Amino acid sequence: MKKLGKIALAVALGLSMTACSSGTAKKDKSDVKIGVIQYTEHPALDKAYDGFVKQMKKAGYKKSQIDFKNAQNDQSNCETIANKFVNDGDDLIYAIATPAAQAVKGKTDDIPIVISAVTDPKAAGLVQSNKKPGENVTGTSDLNPVEEQIELLQKLIPNAKKVGIMYCSSEDNSIVQAKLARKAIEKAGMEAQDFTVSETNQIQQVAESMVGKVDAVYIPTDNMLAESISSVTSVTNENNLPCIVGESNMCEGGGLATYSIDYEKLGEQAGKMAVKILNGADPATMKIQYQSKDDLQLYINRKVATQLGITIPDEYQDATDIGE
């Protein structure tokens with residue numbers, strides 16, 4: 001059951017409140033309770049949490065006021081955690097990754113929710129518009145520079161004609177990125193082919209199915225594959241099939257290269273938004289924020305490049321080597 005709106009509740013109890021129903025009542029910092037739900041455990045999402053905590057501490061909130069829960073890649077856990085935070089009457093909920101955000105949004109229209117590591121909040125049904133959220137949800141998107149990543153693929157693997165797009169078919173964020181990747185691949189004159197998984201135990205089999213069918217692989221910032229990236233790259237690298245991946249930790253796990261956003265900075269952005277909301281700002285009017293292109297970083301796993309016999313073009317010689 002969704003919580004009664006704060007203004008309606010205040011009237012019923014004969015109380016006065018200092019914020020609108022889509023925001024949060026201002027109170028002493030020491031009394032604020034913040035729930036954090038992270039969908040799964042992998043370095044990118046961990047950094048989104050670390051950045052958030054860093055910013056909240058900087059604003060004067062203590063880590064002891066933050067109730068952190070990890071759903072361990074289990075949607076039923078997301079539902080249980082979301083129920084807990086709502087029943088606890090938390091002042092704000094920080095949801096990391098799309099499934100976690102969707103679970104929390106389904107439980108309350110009242111408690112402010114700040115999201116992060118969600119590619120397209122509108123497509124995920126979390127906001128009315130990314131520019132004008134309209135309800136109790138706002139936050140930061142981890143939309144990747146997909147077109148630039150496909151350009152990187154072409155530069156590193158110039159003879160590639162067929163590109164496999166590997167992603168989880170049950171993650172809305174991955175579906176959005178896969179569509180963008182297909183468009184970019186076809187625009188670049190190559191052929192795209194989807195390879196999808198819905199469960200972790202399918203990953204190795206699907207990775208093996210790509211061998212001999214495509215010349216390169218593109219993997220977006222998919223939560224399931226990010227957590228199990230080594231299961232993919234142990235197959236692809238062994239079979240001389242290079243992978244361009246969505247973010248740096250996946251590159252560290254055996255991907256060839258990426259243009260990556262900084263997830264810690266993304267968490268810090270979300271933290272700044274949370275502080276504003278706790279000070280009375282209305283999330284309904286706070287547009288979804290994206291990371292600046294200036295914050296993007298080029299990473300190349302030179303160890304993998306050597307293994308695959310790939311020569312790094314001169315224009316990429318200054319890239320961060322993540323394979324040392």
Side-chain angles (χ1 to χ4, degrees), residues 42 44 97-99 117-124 130 141-198 202-203 206-207 209-229 231-233 235-237 241-251 253-261 263 266 288 290-291 293 296-301 304 308 310 316 319:
H42 67 69
T98 303
V118 176
T119 301
D120 188 337
K122 184 180 185 301
N130 290 331
S141 165
D142 65 345
L143 180 63
N144 272 303
V146 176
E147 193 165 338
E148 287 85 350
Q149 289 173 340
I150 299 304
E151 181 182 349
L152 176 64
L153 184 153
Q154 276 198 304
K155 292 286 184 68
L156 292 174
I157 313 124
N159 295 323
K161 293 181 174 59
K162 296 181 179 181
V163 180
I165 307 171
M166 187 175 182
Y167 62 99
C168 175
S169 58
S170 62
E171 289 190 26
D172 289 336
N173 60 302
S174 301
I175 294 170
V176 169
Q177 293 177 85
K179 289 179 179 178
L180 292 173
R182 173 176 287 276
K183 183 178 179 180
I185 290 166
E186 292 175 349
K187 181 180 177 181
M190 298 180 289
E191 180 183 333
Q193 184 175 348
D194 287 356
F195 293 86
T196 63
V197 297
S198 58
Q202 298 172 340
I203 291 176
V206 172
S209 74
M210 294 190 291
V211 177
K213 294 180 181 177
V214 295
D215 306 307
V217 179
Y218 176 70
I219 305 175
T221 52
D222 180 290
N223 292 303
M224 182 179 292
L225 293 178
E227 187 176 25
S228 305
I229 189 64
S231 296
V232 179
T233 57
V235 173
T236 55
N237 290 342
L241 187 57
C243 291
I244 300 299
V245 292
E247 51 89 19
S248 60
N249 295 288
M250 297 169 76
C251 189
L256 171 62
T258 186
Y259 275 115
S260 180
I261 64 175
Y263 276 82
L266 201 69
I288 299 299
Y290 299 83
Q291 196 154 96
K293 287 189 176 182
L296 296 176
Q297 181 83 37
L298 173 61
Y299 294 91
I300 294 178
N301 190 323
V304 169
L308 298 176
I310 291 174
Y316 296 149

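Computed from a predicted model, the values in this text were never measured in an experiment.
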Novice: Taking salt bridge (charged side-chain N to carboxylate O under 4.0 Å, His left out) as the test, write out the residues that go with E191, two or more places apart.
Specialist: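 None.
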Novice: Mind checking whether T98 and V118 have side chains closer than 4.5 Å, heavy atoms only?
Specialist: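 Yes. Closest side-chain heavy atoms under 4.5 Å.
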Novice: Indicate the atoms forming the closest heavy-atom contact of T236 with C243, along with that distance.
Specialist: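 Nearest heavy atoms, T236 then C243: OG1-SG, 3.5 Å.
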Novice: More than 12 foreign heavy atoms under 6.0 Å from CD of Q193: is that the case here?
Specialist: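 Yes, enclosed.
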Novice: Do you know which two heavy atoms are closest between A124 and D172, and how far apart they sit?
Specialist: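 Nearest pair, atom of A124 first, then D172: CA-OD2, 4.1 Å.
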Novice: What residues, two or more places apart in sequence or in another chain, satisfy side-chain hydrogen bond (donor to acceptor under 3.5 Å, both in side chains) together with N237?
Specialist: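 Result, side-chain hydrogen bond (donor to acceptor under 3.5 Å, both in side chains) vs N237: none returned.
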Novice: Can you tell me how far apart OG (S174) and CE (M224) are? Round to the nearest 0.5 Å.
Specialist: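 The OG atom of S174 sits 9.0 Å away from the CE atom of M224.
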Novice: For the atom pair CD1 (I165) and NZ (K179), what is the distance rounded to the nearest 0.5 Å?
Specialist: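 Going from CD1 on I165 over to NZ on K179, the span is 12.0 Å.
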Novice: What are the two closest heavy atoms between P220 and M166, and how far apart are they?
Specialist: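 Scanning both residues completely, I find the closest heavy atoms to be CD-O, 3.3 Å.
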Novice: Considering non-hydrogen atoms only, spot the tightest contact between V304 and G255 and give its length.
Specialist: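 Heavy-atom minimum between the residues: CG2-O, 4.3 Å.
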Novice: I'd like to check the side-chain contact (heavy atoms from CB on, under 4.5 Å) partners of Q154; sequence neighbours left out, ordered by chain and number.
Specialist: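 Scan of Q154 (side-chain contact (heavy atoms from CB on, under 4.5 Å), adjacent residues dropped) gives A188, M190.
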Novice: Who are the salt bridge (charged side-chain N to carboxylate O under 4.0 Å, His left out) partners of K122, not counting sequence neighbours?
Specialist: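 Salt bridge (charged side-chain N to carboxylate O under 4.0 Å, His left out) list for K122, sorted by chain: empty.
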Novice: Give the C-alpha distance, both sets of side-chain angles, the deciding distance and a yes or no for side-chain contact (heavy atoms from CB on, under 4.5 Å) between I219 and V232.
Specialist: CA-CA 10 Å; I219 305 175; V232 179; 3.8 Å; yes
Novice: Is there a side-chain contact between V206 and T196 (heavy atoms, below 4.5 Å)?
Specialist: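 They are not in contact (no side-chain heavy atoms under 4.5 Å apart), so the answer is no.
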Novice: Mind checking what makes side-chain contact (heavy atoms from CB on, under 4.5 Å) contact with S170, not counting sequence neighbours?
Specialist: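 Residues passing side-chain contact (heavy atoms from CB on, under 4.5 Å) with S170: C168.
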Novice: Hey, what do you get for CD1 (I203) to OG (S228), rounding to the nearest 0.5 Å?
Specialist: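 Here the rounded value is 4.0 Å.
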Novice: Using the side-chain contact (heavy atoms from CB on, under 4.5 Å) criterion, which residues pair with Q297? Sequence neighbours excluded.
Specialist: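 With neighbours one apart ignored, the set is Y299, T320.
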Novice: List the residues meeting side-chain contact (heavy atoms from CB on, under 4.5 Å) with L143, not counting sequence neighbours, and say none if there are none.
Specialist: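 Residues passing side-chain contact (heavy atoms from CB on, under 4.5 Å) with L143: T119, S141, L180, Y290.
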Novice: Any chance you could lay out the side-chain contact (heavy atoms from CB on, under 4.5 Å) test for L152 and L298, step after step, and finish with the verdict?
Specialist: CA-CA 10 Å; L152 176 64; L298 173 61; 3.9 Å; yes
Novice: Can you measure from CD (Q202) to CZ (F195) and round to the nearest 0.5 angstrom?
Specialist: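 Rounded to the nearest 0.5 Å, the CD-CZ separation comes out at 14.0 Å.
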Novice: Kindly give the heavy-atom pair with the smallest separation between I150 and A181, and that separation in Å.
Specialist: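 Scanning both residues completely, I find the closest heavy atoms to be CG1-O, 4.4 Å.
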Novice: Report yes or no: does N301 contribute a side-chain atom to a donor-acceptor pair with the main-chain N or O of C251 at less than 3.5 Å?
Specialist: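 Yes.
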Novice: I would like to know whether I261 and D142 meet side-chain contact (heavy atoms from CB on, under 4.5 Å); could you show each step before the answer?
Specialist: CA-CA 7 Å; I261 64 175; D142 65 345; 3.4 Å; yes
Novice: Output yes when a side-chain donor or acceptor of S248 lies under 3.5 Å from a complementary backbone atom of T258, and no otherwise.
Specialist: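 Absent.
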Novice: Among D215, V217, V235, exactly one meets side-chain contact (heavy atoms from CB on, under 4.5 Å) together with L241. Which residue is that?
Specialist: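 The single option meeting the side-chain contact (heavy atoms from CB on, under 4.5 Å) with L241 is V217.
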Novice: Evaluate the side-chain proximity of I157 to P242: yes if any heavy-atom separation is below 4.5 Å, no if none is.
Specialist: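 They are in side-chain contact.
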Novice: How long is the straight-line distance from CE of M250 back to CG of L225, given to the nearest 0.5 Å?
Specialist: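 Those atoms lie 6.0 Å apart.
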Novice: Taking the side chain as everything from C-beta on, heavy atoms only, tell me whether L256 gets closer than 4.5 Å to I244.
Specialist: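 The answer is yes, as the side chains (C-beta and beyond) meet within the 4.5 Å cut-off.
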Novice: P99 versus N223: any side-chain heavy-atom pair under 4.5 Å?
Specialist: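 Result yes, sub-4.5 Å side-chain heavy-atom pair found.
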Novice: Quick one: side-chain hydrogen bond (donor to acceptor under 3.5 Å, both in side chains) partners of N144, sequence neighbours excluded?
Specialist: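 Counting only residues at least two positions away or on another chain, N144 forms a side-chain hydrogen bond (donor to acceptor under 3.5 Å, both in side chains) with Q177, T221.
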Novice: Taking all atoms of both residues into account, what is the closest heavy-atom pair of A117 and L266, and its distance?
Specialist: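 Closest heavy-atom pair between A117 and L266: N-CD2, 3.9 Å.
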Novice: Taking only residues two or more places apart in sequence, or in another chain, which ones meet S169 in a side-chain hydrogen bond (donor to acceptor under 3.5 Å, both in side chains)?
Specialist: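 S169: no side-chain hydrogen bond (donor to acceptor under 3.5 Å, both in side chains) contacts found.
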Novice: Given the rule in the side-chain contact (heavy atoms from CB on, under 4.5 Å) test, do Y167 and V197 qualify, once you have shown the distances and angles that lead to the verdict?
Specialist: CA-CA 6 Å; Y167 62 99; V197 297; over 6 Å; no
Novice: Could you tell me if the side chain of Y218 sits less than 4.5 Å from the side chain of Q149, heavy atoms only?
Specialist: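 They are in contact (side-chain heavy atoms under 4.5 Å apart), so the answer is yes.
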Novice: Any pair with a residue in residues 153-171 that passes salt bridge (Lys or Arg N to Asp or Glu O under 4.0 Å), sequence neighbours left out, goes on the list, sorted by first then second residue, please.
Specialist: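 Qualifying pairs: E151-K155, K155-E315.
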Novice: Under 4.0 Å between a Lys/Arg side-chain N and an Asp/Glu carboxylate O for E147 and K183?
Specialist: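 Answer for the salt bridge query: no.
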Novice: Going by side-chain hydrogen bond (donor to acceptor under 3.5 Å, both in side chains), name the residues that satisfy it together with N249, two or more places apart in sequence or in a different chain.
Specialist: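 side-chain hydrogen bond (donor to acceptor under 3.5 Å, both in side chains) check on N249 returns E247.
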